[in-house]
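Input: a single structure, listed below in structure tokens.
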Amino acid sequence: MSEGHHDGHEHVPSRQRRRFPGISSRAYEHPADRSALVALRRLSGFDTVFKALSGLLPERSLRLLFLSDSVRVSDRQFAHLNVMLRDACYILDLEKVPPMYVNQDPVPNAMCIGLDEPIIVVTTGLVELLDEEEMRAVVGHEVGHALSGHAVYRTILLFLTSLAVRVAWIPLGNVAIMAIVTALREWFRKSELSADRAGLLVGQDLQASMRGLMKIAGGNHLHEMNVDAFLEQAEEYEAGGDLRDSVLKILNVLPRSHPFATVRAAELKKWAASRDHQRIMDGHYPRREEDKDTSVRDSFRESASHYATQARGSKDPLMKLVNDIAGGAGDLGDRMRRGFGGFTGSQPRPPKDGGGPAEGPEGNGGTGSPEAPGGPRRPGDGGPESFREGS
């Protein structure tokens, strides 16, 4: 990438990176995230409703808080982060650079919030933990949130979580709000996978993205860690244990707004090797100007297809059981459609001399109970998935 001017993005790194002019966030969004966003964007009056809500949400208070008690990134403060931020906006073609703050907090974290305009916040713990290329992926992750419009829903999630605590004394009030919060968290976990992909498009260094996630899980002891071994943990997590472990996985993830670090690493590596990622790198991706013509139905169909494919390929014990049951039910239905012979496995006998129906073993025109060689078959024989907690 050469030095140049683009809406104030004068500073770009010397290392060659591809840029994606006019790229739509649909290019990198997880199917479940994309279908939800497409539907919301097509709702008439959606923006008006949420702007009206902005008066109820503590957004102005948050902005004043970060302005007064954090360090705003600029050419004069955390200049290296400012270069990364402008670079990320340049690569993803985000015209307006969102303000970015560094907040004193030893816990590695980052987030993108805001209704009217997104703001990015990173903690000192994260800045101190990651090297330049790892941090570049994180900044790209947050800019991806901004481009997708995730900041709006993240802000609402924070508000509803706080509200649930306040109305806990009202009968059923907390239950109703927590049901919405649970649904939002499930969507937001998928949006984090989308933002991880955006971070890879910005950093264009898969190993750096992997290292960043690994450090989020295990701290700044890179010499003691191994990316391949870390990814093996993700495979063990998915396939290991029994049905009890599958239930515990669900219970563990429900209160989280983010997937687990090993899962994110495995998902990102899988996407990096996909044809979709290669097409983007080759310059073939959906443009923002086409967003208004996107079909909600097609987006939901893609999401459903993704979940079905993921479920079929999952090694999780519970998902394997569901697949086995579904396969068994399909086999049972097929046998019922073929009639009684579908359960015995025997084939109809050809008519003798071109005459009437084949005779059964008792010679009574097929009214007996034919058996396959070797004895009768039983029904079912042969039958046939913050950058940490705030990004």
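Nothing fancy with the numbering, it's 1 onward along the sequence. Predicted, not measured: the structure shown is a model, and the values here were computed from it.
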Examine distances only and state if a side-chain atom of Asp93 and a backbone atom of Ile23 form a donor-acceptor pair shorter than 3.5 Å. no

Does the side chain of Gln207 reach to within under 4.5 Å of the side chain of Glu133, using non-hydrogen atoms? no

With side chains defined as the heavy atoms from C-beta onward, is the minimum distance between Ile120 and Val139 less than 4.5 Å? no

Rounded to the nearest 0.5 Å, what separation is found between the CZ atom of Arg189 and the NE2 atom of His30? 11.5 Å

Which atoms form the tightest heavy-atom contact between Phe230 and Ala265, and what is the distance? CE2-CB, 3.9 Å

Side-chain ion pair, Lys96 and Glu117, N-O less than 4.0 Å: yes

Working to the nearest 0.5 Å, report the span between CG of Leu130 and CD1 of Ile216. 5.5 Å

Do Cys89 and Pro98 touch side chain to side chain, with heavy atoms closer than 4.5 Å? yes

Between Val202 and Leu92, is the side-chain contact (heavy atoms from CB on, under 4.5 Å) condition met? List the steps. CA-CA 7 Å; Val202 168; Leu92 294 180; 3.8 Å; yes

Shortest non-hydrogen contact from Asp131 toward Arg211: OD2-NH2, 3.3 Å

I'd like to know whether Glu224 forms a salt bridge (charged side-chain N to carboxylate O under 4.0 Å, His left out) with Lys215, so could you lay out the CA-CA distance, the side-chain angles of the two residues, the decisive distance to 0.1 Å, and finally the verdict. CA-CA 11 Å; Glu224 297 283 358; Lys215 283 184 175 181; over 6 Å; no

Backbone of Pro259 reached by a side-chain donor or acceptor of Arg264 within 3.5 Å: no

Could you grab the distance from atom CG of Leu268 to atom CG of Leu193, nearest 0.5 Å is fine? 9.0 Å

First locate atom CE of Met210, then atom CG of Asp228, and finally report the distance between them rounded to the nearest 0.5 Å. 11.0 Å

Would Asp205 and Arg136 pass as an ion pair if we require N to O under 4.0 Å? no

Keeping the roles fixed (side chain from Tyr101, backbone from Ile119), state whether a donor-acceptor pair exists under 3.5 Å. no

Output, in order, the C-alpha distance, side-chain angles, deciding distance and verdict of side-chain contact (heavy atoms from CB on, under 4.5 Å) for Arg287 and Ser24. CA-CA 5 Å; Arg287 262 63 175 181; Ser24 168; 5.6 Å; no

Any cation-pi pair here, Arg279 with Tyr285, using under 6.0 Å and within 45°? no

Between Lys269 and Glu232, is the closest basic N to carboxylate O distance under 4.0 Å? no

Strictly by modelled atom types, are Thr123 and Asp105 linked by a side-chain donor-acceptor pair under 3.5 Å? no

Taking the side chain as C-beta and beyond, is there a heavy-atom pair between Thr262 and Leu231 under 4.5 Å? no

Over 12 non-hydrogen atoms of neighbours within 6.0 angstrom of CZ in Arg72: no

Between atom CD of Glu29 and atom OG of Ser148, what is the distance when rounded to the nearest 0.5 Å? 4.0 Å

Closest contact, heavy atoms only, Glu134 versus Ala208: CG-O, 3.4 Å

Report yes or no: do Glu192 and His141 form a side-chain donor-acceptor pair below 3.5 Å? yes

Do Asn82 and Met100 touch side chain to side chain, with heavy atoms closer than 4.5 Å? no

Here the pair of heavy atoms bringing Ala110 nearest to Val122 is CB-CG1, 3.8 Å

Report yes if some heavy atom in the side chain of Arg19 is under 4.5 Å from a heavy atom in the side chain of Tyr90; otherwise report no. yes

Residue pair His145 / Ile113, side-chain heavy-atom distance below 4.5 Å: no

Does any part of the side chain of Met281, heavy atoms only, come nearer than 4.5 Å to the side chain of Arg18, both counted from C-beta? yes

Under the side-chain contact (heavy atoms from CB on, under 4.5 Å) criterion, do Val102 and Phe66 qualify, and how do the steps go? CA-CA 9 Å; Val102 176; Phe66 289 123; over 6 Å; no

When rounded to the nearest 0.5 Å, the distance separating OG1 of Thr124 from CG of Leu129 is 11.0 Å

Given Ile91 and Leu201, is the side-chain contact (heavy atoms from CB on, under 4.5 Å) satisfied, shown in steps? CA-CA 8 Å; Ile91 289 175; Leu201 292 178; 5.6 Å; no

Looking at Gly140 and Ala198, what are the two nearest heavy atoms and their distance? O-CB, 3.9 Å

